[in-house]
Visitor: 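Questions regarding the structure given below will be posed in turn.
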Amino acid sequence: MEKTRDMAFEICTTRRFSAAHTLRLPDGTFEPVHGHNWVVRVTVGAGGLDGMGTVMDFHVLEAEVDKILRPLHNRSLNEVADMADLNPSAENVAYHFARRLVVKGVLPTGVGLLSVQVHETDDNYAVYRP
């Protein structure tokens, strides 16, 4: 099979968690603490398919994303140690998921992270593309 693009195939998993946060504003103050029912969509891709005919096993991708969101669920994102260096905006939550997936090396050889989309609401979301 000839590759027409670097990442000809993509798969996505969507996961959900509930968490609160407060953003540090440019003047150093904080907005009021509030919560969201966050939705995270992780998209990975590959130039070709593996021996099973897949980019990677959906269940493996789901499990890895769940490992990242589990410590965030029903918490204040401002108090999560792994996010201590980030202002917990939707953009930085997406970045947090991306760096955990890439740094931990959980994706199979030949599979790359294409994007992490994080919804704070149905209408508002951020996307991180490494």
Side-chain angles (χ1 to χ4, degrees):
M1 179 171 79
E2 193 166 317
K3 298 178 191 175
T4 58
R5 297 182 313 161
D6 287 347
M7 298 288 177
F9 296 93
E10 299 178 7
I11 64 168
C12 301
T13 189
T14 302
R15 315 308 283 165
R16 292 167 175 77
F17 69 99
S18 298
H21 71 154
T22 179
L23 293 180
R24 192 172 34 262
L25 302 174
D27 66 2
T29 62
F30 287 87
E31 68 179 8
V33 176
H34 60 283
H36 298 285
N37 292 316
W38 303 81
V39 178
V40 177
R41 177 171 292 126
V42 173
T43 303
V44 298
L49 301 179
D50 63 15
M52 200 169 68
T54 66
V55 169
M56 70 178 286
D57 188 321
F58 273 112
H59 299 298
V60 172
L61 182 59
E62 290 168 340
E64 293 301 333
V65 174
D66 285 346
K67 285 179 194 174
I68 299 167
L69 73 78
R70 198 169 293 120
L72 309 179
H73 185 61
N74 290 329
R75 300 274 312 276
S76 169
L77 299 181
N78 299 79
E79 298 172 359
V80 175
D82 283 350
M83 292 196 58
D85 61 328
L86 301 173
N87 198 18
S89 62
E91 294 88 342
N92 277 330
V93 172
Y95 176 67
H96 171 73
F97 275 82
R99 72 181 178 176
R100 291 290 306 269
L101 286 166
V102 172
V103 169
K104 285 179 55 183
V106 299
L107 300 177
T109 301
V111 175
L113 179 64
L114 298 178
S115 67
V116 178
Q117 185 178 76
V118 172
H119 289 250
E120 284 190 346
T121 69
D122 290 342
D123 299 323
N124 299 314
Y125 66 90
V127 178
Y128 176 77
R129 291 183 183 89

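These numbers were taken from a predicted model, which means no experiment stands behind them.
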Visitor: Just checking His73 against Trp38, ring centres under 6.0 Å apart?
Guide: no
Visitor: When you check the gap from the basic side-chain N to the acidic O, do Arg16 and Asp66 get nearer than 4.0 Å?
Guide: no
Visitor: Determine whether the side chains of His21 and His36 contain a donor N or O and an acceptor N or O closer than 3.5 Å.
Guide: yes
Visitor: Val106: which residues meet the side-chain contact (heavy atoms from CB on, under 4.5 Å) condition with it, sequence neighbours left out?
Guide: Glu64, Leu101, Lys104
Visitor: Any donor and acceptor pair, going by atom type alone, linking the side chain of Arg75 with main-chain N or O of Glu79 inside 3.5 Å?
Guide: yes
Visitor: Tell me, yes or no, whether the heavy-atom count around His59 atom NE2, taken from other residues, nucleotides or ligands under 6.0 Å, exceeds 12.
Guide: no
Visitor: Check the hydrophobic clustering (I, L, V, M, F, W, Y; side-chain heavy atoms under 4.5 Å; chains of links allowed) and say if Val65 and Val80 are grouped together.
Guide: yes
Visitor: Please, which pairs that meet salt bridge (charged side-chain N to carboxylate O under 4.0 Å, His left out) have at least one residue in residues 118-130, sequence neighbours excluded?
Guide: none
Visitor: Decide yes or no for Asn124 and His119: does some side-chain heavy atom of the first lie under 4.5 Å from some side-chain heavy atom of the second?
Guide: no
Visitor: Taking Val116 as the starting point, is it possible to reach Val60 by hopping between hydrophobic residues whose side chains are less than 4.5 Å apart?
Guide: yes
Visitor: Who are the side-chain contact (heavy atoms from CB on, under 4.5 Å) partners of Pro71, not counting sequence neighbours?
Guide: none
Visitor: Using distance alone, with no hydrogens and no angle criterion, decide if Ser18 and Asn37 have a side-chain donor and acceptor under 3.5 Å apart.
Guide: yes
Visitor: Find the distance between CZ (Phe9) and CG (Asp50) and round it off to the nearest 0.5 Å.
Guide: 10.5 Å
Visitor: Please round to the nearest 0.5 Å and tell me the distance separating atom NE2 of His96 and atom CG of Leu86.
Guide: 8.0 Å
Visitor: If we count only N and O atoms by modelled type, under 3.5 Å, do the side chains of Thr29 and Asp27 hold a donor and an acceptor together?
Guide: yes
